[in-house]
Amino acid sequence: MTQLQKYIWLIDTIRRAGKISLEEISSRWERNKDLSDYKPLSRTTFNRWKDAIFSQFGIIISCQRSGGYFYYIENPEDIDEDELKKWMLDSFAISNLIGENLSLKDRIIVNQIPSAQSHLATLLEAMQGNRVVLITYCGFNMHIPADTRSAFPVISVQSPVSIQCCWQS
């Protein structure tokens with residue numbers, strides 16, 4: 001598991017819990033062999049990750065000292081109001097969850113949409129260069145003619161593997 005996956009796991013664990021003690025975080029960490037090799041999460045490691053999460057994502061993990069030491073995300077609006085950041089964190093969290101449960105792979109159905117991965121980089125490069133792209137859409141209904149458009153693309157991300165290309169004329 002990469003450091004990024006560990007940070008996402010910690011963010012997701014705290015987000016889902018709302019408020020959670022370090023002991024409970026460590027317990028959840030330790031129960032997952034793929035993550036921890038059954039070793040507890042030390043306070044030192046937790047604090048390093050917490051600092052790295054702030055540095056990389058701008059997410060503040062704070063501690064509520066009254067009524068016990070419970071950790072929470074101090075600025076959840078930074079996630080909830082930034083659609084792209086929320087989508088990225090959710091996508092990584094889903095990837096982590098599926099990765100943690102590969103033993104269930106025969107019971108998980110995934111619909112692959114190849115255009116998302118193969119064309120996203122090209123569209124983003126065009127957008128960064130403020131270039132016009134030419135795209136031809138061919139629908140499943142053979143009675144409707146193909147539609148070709150030349151315009152500046154605007155990308156709408158639908159799910160971790162699906163994009164829609166919208167047009168800004």
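Quick caveat, the model's predicted, so the values are computed rather than measured.
The hydrophobic clustering, which links ILVMFWY residues whose side-chain heavy atoms are closer than 4.5 Å, places F92 and W9 together. Y72 and Y7 fall into different hydrophobic clusters, where Ile, Leu, Val, Met, Phe, Trp and Tyr side chains are chained together by heavy-atom contacts under 4.5 Å. Grouping the Ile, Leu, Val, Met, Phe, Trp and Tyr side chains by contacts below 4.5 angstrom, directly or via other members, places I25 with F57. Hydrophobic clustering keeps F70 apart from I59 (ILVMFWY residues linked when any side-chain heavy atoms are closer than 4.5 Å, directly or through intermediates).
Looking only at side-chain heavy atoms (C-beta outward), L41 and E30 stay at 4.5 Å or farther from each other. Side-chain atoms of I14 and I61, non-hydrogen and from C-beta on, do get closer than 4.5 Å to each other.
Less than 6.0 angstrom separates the ring centroid of F46 from the ring centroid of Y71.
Side-chain atoms of S95 do not come within 3.5 Å of backbone N or O of S91 as any donor-acceptor pair. A donor-acceptor distance shorter than 3.5 angstrom exists from the side chain of S36 to the backbone of W29, with no hydrogens or angles considered.
To the nearest 0.5 Å, the span separating CD1 on I53 from CG on L10 amounts to 4.0 Å. I98 contributes atom CD1, which lies 10.5 Å from atom CG of L104 (distance to the nearest 0.5 angstrom). Note: L4 CG to Q56 CD = 6.5 Å, rounded to the nearest 0.5 Å.
None of N47, T45, D51 except one satisfies the side chain to side chain contact (heavy atoms under 4.5 Å, CB included) rule with W49; the exception is T45.
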Let me check something: any side-chain donor-acceptor pairs from residues 77-84 under 3.5 Å, sequence neighbours excluded? List them with distances.
| residue | atom | partner | partner atom | Å |
| --- | --- | --- | --- | --- |
| D78 | OD2 | N75 | ND2 | 2.7 |
| D82 | OD1 | L84 | N | 3.3 |
| D82 | OD1 | K85 | N | 3.1 |

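Within the structure, the salt bridge (Lys or Arg N to Asp or Glu O under 4.0 Å) test picks out the following pairs touching residues 2-26 (sequence neighbours left out): D12-R16, R15-D90, E24-R28, E24-R31.
Taking all atoms of both residues into account, the shortest heavy-atom contact from P76 to I73 is CD-O, 3.3 Å.
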